Amino acid sequence: MSDFVDRTQVASTRQAATPAIGEEEFLRFQDFFYRKTGIVFGAAKRYFVDRRLVERLAATGFGSLRAYLLHLRFEDAEGEELQRLINAMTVNETYFYREEYQFRCLVSSILPEVVSARAAAEKRPVRLWSLPCSTGEEPYSLALQLLENWREVDRYDVEIVASDIDTQVLRQAQAGLYDDRAVQYLPATIKARHFTRIEQGRWQISEDLRGSVDFVQVNLSDRAAMRRHQGAFDVIFCRNLLIYFDDASRRQAVEALYDALRPGGFVCLGHSESMSRISSLFTVRKFPDAIVYQKPLA
Amino acid sequence: MALLRRRASAPAMVADEPVERAPRAPEALLATLRSGATRAERREAALDLTAMPETAGALAAALDEEDDPSVRDAIVTALIAIGTGTAAAGLAGLLRSKDAALRNAAIEALQQMGEAAGEHVERLLASPDPDLRIFAVNVIEVLRHASAGVWLRQVLEEDPEVNVGLAAVEVLTQLGGPEDVPVLRAFAGRFPNEPFVDFAVDLACRRAIAAGAA
Ligand SMILES: C[S@@+](CC[C@H](N)C(=O)[O-])C[C@H]1O[C@@H](n2cnc3c(N)ncnc32)[C@H](O)[C@@H]1O
């Protein structure tokens, strides 16, 4: 009984403290955000989204979501507030050597194919793209894996580009500072060789490695932004992003990835993301370590 | 080491300038889609047309003429993203194509439109154009939506055009159960002078009853 009383009191204080967001306004916001990013918030995310929206409203001083949306649409010409909103809404969870079998596959199967398909005189670098890269663990894992495990690493020039829609995570990625949780799956020898312990539980990746990744902001759902990278990459890691999209934006994203690859290039998706449920553009390649998707050569 | 250094020219982190194109008119994009020299150009035109929902009908028609699988795929993507009734109808129209790959592309697209396509079914069913209503019935068959039974019964009970009803009978021949028999019989009663209706309804009822017994 007392439990019941307590909970209603908590609920009513929360409502009094924050401007309530009505169902219709929320749907309008959802639609707006979807058009900008491809991200869909299911009903289960409602609390997460509301809390962040309320924070943005407080920070900008708008009294209602309606007024805030009008501002985003008509007054935010440089997109500064939109960027802050996006930064607040993204889920950036990641860590070093996540789904390591894919990196093994890259080194033992994908890269050998990529380089053997090249003409001997080919001068351009092998280009890898981590999209989305979040706080940098994924592109730095790529660099570490190549340095540690790819025997041919010295024979080829490799360029690693890393992108995300969220500018805040890109800044963190460049600083290369990590806590224990982020590096927990790294072998101790790798940590010792490439990281400096800044303080208890804080690590910084070496300056060499920081310099080897090119961080560029990109919104995968923005056609104009993606056009810039057409035909530019041999391998794209696009992991744990499409899960936030709906069927339609997922398909559009896959088209954009296809266009960003060279003929014969590869895409690696997260383990819960399956290309066959999205599109039949790619050839499914079953390598010993992982299943990946290849853009046909011709 | 062979990992290249960050490009000195690009200040890290700043978004690359997006490559903006002068916006092209829908007619120009459709012309490129139909006769663009390379598949890359045709793909690009199709994906750009996503922003122009009014071209859905023309896009679906272009799907019929396009041979390259990667361009077809781009057209399907555009139609799914447009997601309007016309897009669904255009795709549903392709379900009658003789080309199996095209039919599959249309089915795949409609299924991915999921709820969106479902919403349009009702609008299509209310269209004055019997062809669109037949397309709607084809869409119902593909979607296997929770409301499929309700929609099909509504067609059988109310649609004034015998061919629309026959399309529904065809679907129930595949998917129906014993509970559909009375509505099927009532439909036959509405068109007493159409011998083919009796034949089709008899077949559907036999299958429906067999499905119930199985
Ligand atoms: C869960 S993290 C995945 C990071 C890493 N790939 C991994 O698998 O560990 C998802 C990232 O996607 C980014 N993101 C969301 N929408 C995006 C979009 N439209 N374009 C680019 N990045 C996006 C988020 O900012 C977030 O950092």
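Values in this document were obtained by computation on a predicted structure and should not be read as measured data. Below, read A as the first sequence line, B as the second, and so on, with proteins coming before strands; counting in each chain starts at 1. Worth knowing before you read on, the calculation uses all heavy atoms, side chains too, and leaves out hydrogens, waters and symmetry mates.
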Taking every heavy-atom pair that is under 4.5 Å apart, which of P125(A), S249(A), S279(A) has the most such pairs with chain B? S279(A)

Donor-acceptor pair, distance only, cut-off 3.5 Å: does the side chain of T38(B) make one with the backbone of E41(B)? yes

Is there a side-chain hydrogen bond (donor to acceptor under 3.5 Å, both in side chains) between D129(B) and S127(B) once you walk through the steps? CA-CA 5 Å; D129(B) 177 350; S127(B) 152; 5.3 Å; no

I'd like to check L257(A) versus Y293(A) (side-chain heavy atoms, cut-off strictly below 4.5 Å). Are they in contact? no

Turns out that what part of S280(A) lies under 4.5 Å from chain B's heavy atoms comes down to both

For each of V76(B), I80(B), D73(B), tally heavy-atom pairs with chain A at distances under 4.5 Å, and name the one with the top tally. D73(B)

Side chain, backbone, both or neither: which part of R72(B) has an atom under 4.5 Å from a heavy atom of chain A? neither

Under 3.5 Å, is there a donor-acceptor pair linking the side chains of S134(A) and D166(A)? no

Determine the option with the most heavy-atom pairs under 4.5 angstrom with chain A, choosing from A74(B), A78(B), A40(B). A74(B)

When the 4.5 angstrom heavy-atom criterion is applied to L281(A) and chain B, the contacting part is both

Just by distance, no angles: are the side chains of R251(A) and T77(B) close enough, under 3.5 Å, to form a donor-acceptor pair? yes

